[in-house]
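Only heavy atoms go into these numbers, but all of them, side chains included; no hydrogens, no water, no symmetry mates. Here is the naming used below: chain letters follow the sequence lines, and residue numbers restart at 1 for every chain. Predicted model, so just to flag it, every value in this text is computed and none were measured.
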2 protein chains.
Amino acid sequence: MLRITKITDYGFILLAHMANQDKELLHNAKDLSAAIGIPLPTVSKVLKILTQGGILQSHQGSKGGYSLAKPAGEITAAEIIEAVEGPVAITDCSSSEGCERNCVVSPSWQQVNTAVIGALSGLTLADMSNG
Amino acid sequence: MLRITKITDYGFILLAHMANQDKELLHNAKDLSAAIGIPLPTVSKVLKILTQGGILQSHQGSKGGYSLAKPAGEITAAEIIEAVEGPVAITDCSSSEGCERNCVVSPSWQQVNTAVIGALSGLTLADMSNG
DNA sequence: CTCAATTAAGACCAAATAGGTCTACTATTT
DNA sequence: AAATAGTAGACCTATTTGGTCTTAATTGAG
Ligand code: SF4
Ligand code: SF4
């Protein structure tokens, strides 16, 4: 339905919050949950996914937490979405797997897909955070 | 997951097929189903939705069928998607209803949404069909 | 060394959405 | 009248998404 998922949306909220504070500060899931107003288990899940996608760096154990893996100005919206939902593909045929029905409109979708990725790549977390 | 639905995809295939033929010719669901290779009930559903959305014109009764409501060059991809899935809104906050959690990243999503709609509005059915 | 705090991994279930089919009805042509 | 074709909408199934939970592994502090 041409919409990002809630998990992705939460990811952006969390990342923007982290980008607005001292870069070295470790944020733990519990504090973030309280700060953002999203239940802890969900926050925890999102942070885990973002870490697996290389957007966040984690530090385990007591006094552990998460921090941005790169400066906010170097993390693009496209990267974040890909980390959470996988490659951006507006149709089956604009993904790597493709589509067996290789129809006439496919090239147009490729164009649209490229344009969308372009828009998302031109926007960094720094742009999105404090504004 | 940032993807158009299958019904929408079918819609584009059907419309492109129709745009590639005589504008005045009426296409009935059965023939279109055979031509495109999508089951009749599904084709029928898609055509109905496109008609309700004002993209197609229908003609009931024997020898009836569907034809484009406007020249292919005047039907944009954005229009078609809206007709099938409703307004393009990449997040809750970029739709008319909005989102109660009015967060800091919302303005950025508005920008992205506008860019996406722009890309979709700049592409007509004529562009997408015979190309 | 032990304990508490904290992330990691993934199972799990419930809710929502999407995909697809079907039936009954209406309109038009012959 | 009969045949053809669209209209409306219910309906069920499959898939995806949202969210929670449990169990482990890791690390710092006392
Ligand atoms: S190839 Fe045609 S059918 Fe397959 S995804 Fe692309 S547009 Fe849709
Ligand atoms: S306002 Fe914030 S939370 Fe609500 S949809 Fe927009 S980005 Fe997501």
Sugar-phosphate only, base, or nothing, as touched by K63(A) at under 4.0 Å among non-hydrogen atoms: sugar-phosphate
N/O (side chain, T42(A)) to phosphate O (OP1/OP2, dT20(D)) under 4.0 Å: yes
Within-4.5 Å side-chain heavy-atom neighbours: E85(A) and T5(A): yes
Reference residue I55(A); test side-chain contact (heavy atoms from CB on, under 4.5 Å); the match among L15(A), I49(A), L14(A): L15(A)
Selection from dT20(D), dA5(D), dT27(D) that lies nearest to any side-chain heavy atom of P39(A): dT20(D)
N/O (side chain, Q60(A)) to phosphate O (OP1/OP2, dG28(D)) under 4.0 Å: no
Nearest-angstrom distance from the residue atom CD1 of I4(B) to C1' of dG19(C): 14 Å
Single-linkage hydrophobic cluster, 4.5 Å side-chain cutoff, V112(A) and M1(A) together: no
Residue-phosphate contact under 4.0 Å: Y10(A) side-chain N/O, dG18(D) OP1/OP2: no
Sugar-phosphate, base or nothing in reach of K48(A), heavy atoms under 4.0 Å: base
N/O (side chain, T5(A)) to phosphate O (OP1/OP2, dG18(D)) under 4.0 Å: yes
Distance in angstrom units between Y66(A) OH and dT27(D) C1', rounded: 14 Å
d(CG, L47(A); P, dG10(C)) in whole Å: 17 Å
Rounded distance in Å - CE (M1(B)) to P (dA18(C)): 11 Å
Sugar-phosphate only, base, or nothing, as touched by K45(A) at under 4.0 Å among non-hydrogen atoms: base
Nearest-nucleotide comparison on DNA chain D, the residue closer to the 5′ end among H59(B) and G61(A): H59(B)
Between P of dG19(D) and CD1 of I36(A), the distance in whole Å: 15 Å
Nearest-Å distance for atom pair CG/P, residues L40(A) and dA5(C): 14 Å
dT6(C) OP1/OP2 closer than 4.0 Å to side-chain N/O of S58(A): no
Pairing of D92(A) and K6(B) as salt bridge, 4.0 angstrom limit: no
Whole-Å gap separating P (dT17(D)) and CD1 (I49(A)): 11 Å
V84(B) side chain reached by V46(B) side chain, heavy atoms, under 4.5 Å: no
Sugar-phosphate only, base, or nothing, as touched by I7(A) at under 4.0 Å among non-hydrogen atoms: sugar-phosphate
